[in-house]
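Residue numbers start from 1 in every chain, and the chains themselves are labelled A, B, ... in the order their sequence lines are given, proteins ahead of strands.
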Amino acid sequence: MAGRPRRPLSAGGIFGHNAFMKIASFNINGTNARLPRLLEWLDAYKPDVACLQEIKMQTENFPVETLKDAGYHCLVHGQKGFNGVAILSREPAVETRRGLPGDETDEQSRYLEADVAGVRVASIYLPNGNPQPGPKFDYKLAWMARLQAHAQNLLAGGGAVVLAGDYNVIPNDDDVWRPEAMANDALMQPESRAAYRALLWQGWTDALRAVHPGGQVWTYWDYQAGAWARNHGFRIDHLLLSPAAADRLVDAGVDTAVRGAEKASDHAPVWVTLR
DNA sequence: ATGCCCGCTTACAGCGGA
């Protein structure tokens, strides 16, 4: 039959060898403590983009050379001892924002954003907010209001955007092994959930929820009380997709086995693939 | 009811995490 010659799928792929783009989020809970696990995960699961949270070190100390040897470019927004986010990518990334707008006095490193292969990607480490009520919970809700305002601006651009990170919000009762056990926690207060829902109502798609609508999918297991062995987890790491990104959604999941390794983070990586 | 466990800090005890 006449017409355009068939080419293998990969020829049209943005990464040459892969028609799909895998974007992951992983709260590593300390770069120095987790670097071997991080490298193992990158090698085994090969995300095209990896948004990291809780790198817990200053920007200049991040092991960019080691990660370059592993095949990744790094953008880093660090902080000594606490917090800190990064974006690793196979393709070079162009930074578009460092820090969440809306409060010039906020010195915590919890937001980093970049363009990678035509997709706007953010690495988010939303405040925990415990104990509640109190100033930390107030900071969490104020941070979520700022995120809501910025997310609205991102949507207005109309492009493919992925807001990936540790949101420290358990959106629904079926996102936690036993809701009663967490009832007084900042992660599932009505105000926290309402702020998360307000984001979704803007037009974002919770990718993991869309692929696993029945819930019971965990991304975090506490180090304490044998939570991993008992599978007492909850879902707080989320990938929110703009409509243009959601149109390209192929799959989403959790690299659960990563949580079972020696010296593991208390979070497992979560990911989406976009066509 | 609290702590369990973990990572971090000009550390060796206390804080933050979730």
Side-chain angles (χ1 to χ4, degrees), chain A residues 25-39 41 52-63 76-86 106-111 123-144 147 164-193 195-196 208 215-238 254 256 258-270:
Chain A
S25 179
F26 188 12
N27 180 325
I28 62 173
N29 188 21
T31 304
N32 284 332
R34 211 68 59 215
L35 188 58
R37 298 291 88 77
L38 174 62
L39 294 170
W41 170 68
L52 307 182
Q53 300 86 35
E54 286 208 88
I55 66 168
K56 293 188 174 180
M57 62 167 44
Q58 289 171 306
T59 300
E60 57 267 33
N61 294 339
F62 198 73
V76 185
H77 183 31
Q79 181 180 338
K80 187 182 183 68
F82 302 104
N83 307 320
V85 289
D106 186 357
E107 296 184 343
Q108 299 190 30
S109 298
R110 296 178 175 276
Y111 188 90
S123 182
I124 290 172
Y125 179 46
L126 207 146
N128 171 307
N130 280 306
Q132 70 80 28
K136 291 188 175 182
F137 191 59
D138 295 341
Y139 173 65
K140 177 188 189 120
L141 296 180
W143 206 95
M144 294 189 82
L147 178 61
D166 176 359
Y167 282 71
N168 270 315
V169 175
I170 298 169
N172 312 287
D173 280 356
D174 60 6
D175 291 315
V176 54
W177 67 281
R178 190 162 69 90
E180 298 78 13
M182 298 290 290
N184 294 318
D185 198 284
L187 277 57
M188 55 175 280
Q189 290 313 296
E191 298 94 328
S192 308
R193 288 178 161 182
Y196 185 78
L208 207 55
Q216 309 293 318
V217 175
W218 319 142
T219 69
Y220 170 91
W221 296 257
D222 201 299
Y223 286 125
Q224 303 181 64
W228 167 250
R230 300 166 189 225
N231 197 26
H232 290 175
F234 36 90
R235 188 175 75 98
I236 52 176
D237 301 274
H238 309 304
V254 182
T256 307
V258 172
R259 179 62 181 84
E262 290 297 315
K263 296 279 289 180
S265 169
D266 40 6
H267 296 251
V270 300

If you check every side-chain atom of [X], which of [options] has the closest atom?
{"X": "A:Asn168", "options": "B:dG7, B:dA18, B:dC4", "answer": "B:dA18"}
{"X": "A:Gln224", "options": "B:dG7, B:dA18, B:dC5", "answer": "B:dC5"}
{"X": "A:Lys136", "options": "B:dC4, B:dT10, B:dG17", "answer": "B:dG17"}
{"X": "A:Tyr223", "options": "B:dC5, B:dA18, B:dC8", "answer": "B:dC5"}
{"X": "A:Asn29", "options": "B:dG7, B:dA18, B:dG17", "answer": "B:dG7"}
{"X": "A:Ala33", "options": "B:dT10, B:dG7, B:dG17", "answer": "B:dG7"}

When you measure from the side chain of [X] to the backbone of [Y], do you find a donor-acceptor pair of N or O atoms at a distance under 3.5 Å?
{"X": "A:Gln132", "Y": "A:Asn184", "answer": "yes"}
{"X": "A:Asp166", "Y": "A:Asn168", "answer": "yes"}
{"X": "A:Thr219", "Y": "A:Arg235", "answer": "no"}
{"X": "A:Ser192", "Y": "A:Val169", "answer": "no"}

Requested in this report: Give a yes or no on whether the ring-centroid distance for A:Phe234 and A:Trp177 is below 6.0 angstrom.
Outcome: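 No.
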Query raised in the report: Do other residues, nucleotides or ligands put more than 12 heavy atoms under 6.0 Å from the CD atom of A:Glu60?
Result: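 Correct, the count exceeds 12.
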Taking atom [atom2] of [N] as reference, at what distance in whole Å does atom [atom1] of [X] sit?
{"X": "A:Asn32", "N": "B:dG7", "atom1": "CG", "atom2": "P", "value": "11 Å"}
{"X": "A:Met57", "N": "B:dG16", "atom1": "CE", "atom2": "P", "value": "20 Å"}
{"X": "A:Lys56", "N": "B:dG16", "atom1": "NZ", "atom2": "P", "value": "12 Å"}
{"X": "A:Phe82", "N": "B:dG14", "atom1": "CZ", "atom2": "P", "value": "15 Å"}
{"X": "A:Asn130", "N": "B:dT2", "atom1": "CG", "atom2": "P", "value": "13 Å"}
{"X": "A:Gln79", "N": "B:dG16", "atom1": "CD", "atom2": "C1'", "value": "12 Å"}
{"X": "A:Gln58", "N": "B:dT10", "atom1": "CD", "atom2": "C1'", "value": "12 Å"}
{"X": "A:Lys80", "N": "B:dT10", "atom1": "NZ", "atom2": "P", "value": "5 Å"}

Query raised in the report: Any donor-acceptor pair under 3.5 Å joining the side chain of A:Asp185 to the base of B:dA18?
Result: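 No.
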**Report entry** First encountered from the 5' end of DNA chain B, between A:Asn27 and A:Thr31
**Finding:**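 Upstream on the strand: A:Thr31.
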Report task. On DNA chain B, check which nucleotide each of A:Arg34 and A:Asp222 is closest to and give me the residue with the more 5' one. Result ->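 Nearest nucleotide further toward 5': that of A:Arg34.
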Query raised in the report: Looking only at side-chain N and O atoms, does A:Tyr139 come under 4.0 Å of OP1 or OP2 in B:dG16?
Result: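 So the side-chain polar atoms of A:Tyr139 never come under 4.0 Å of the phosphate oxygens OP1 or OP2 of B:dG16.
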Query raised in the report: Between B:dG17 and A:Asn128, is there an OP1 or OP2 to side-chain N/O distance shorter than 4.0 Å?
Result: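 For A:Asn128, the contact criterion (side-chain N or O under 4.0 Å from OP1 or OP2 of B:dG17) is not met.
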Span that lies between the [atom1] atom of [M] and that of [N], in whole angstrom:
{"N": "B:dT10", "M": "B:dC5", "atom1": "P", "result": "25 Å"}
{"N": "B:dT9", "M": "B:dC4", "atom1": "C1'", "result": "22 Å"}
{"N": "B:dC6", "M": "B:dA11", "atom1": "C1'", "result": "15 Å"}
{"N": "B:dG14", "M": "B:dG3", "atom1": "P", "result": "13 Å"}
{"N": "B:dG7", "M": "B:dA18", "atom1": "P", "result": "14 Å"}

Quick one: label [X] by what it contacts on the DNA or RNA (base, sugar-phosphate, nothing), any heavy atom closer than 4.0 Å.
{"X": "A:His267", "answer": "sugar-phosphate"}
{"X": "A:Tyr167", "answer": "nothing"}
{"X": "A:Asp237", "answer": "nothing"}
{"X": "A:Asn83", "answer": "nothing"}

**Report entry** A:Arg193/A:Asp175 ion pair, N-O < 4.0 Å
**Finding:**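 So A:Arg193 does not pair with A:Asp175 through a salt bridge.
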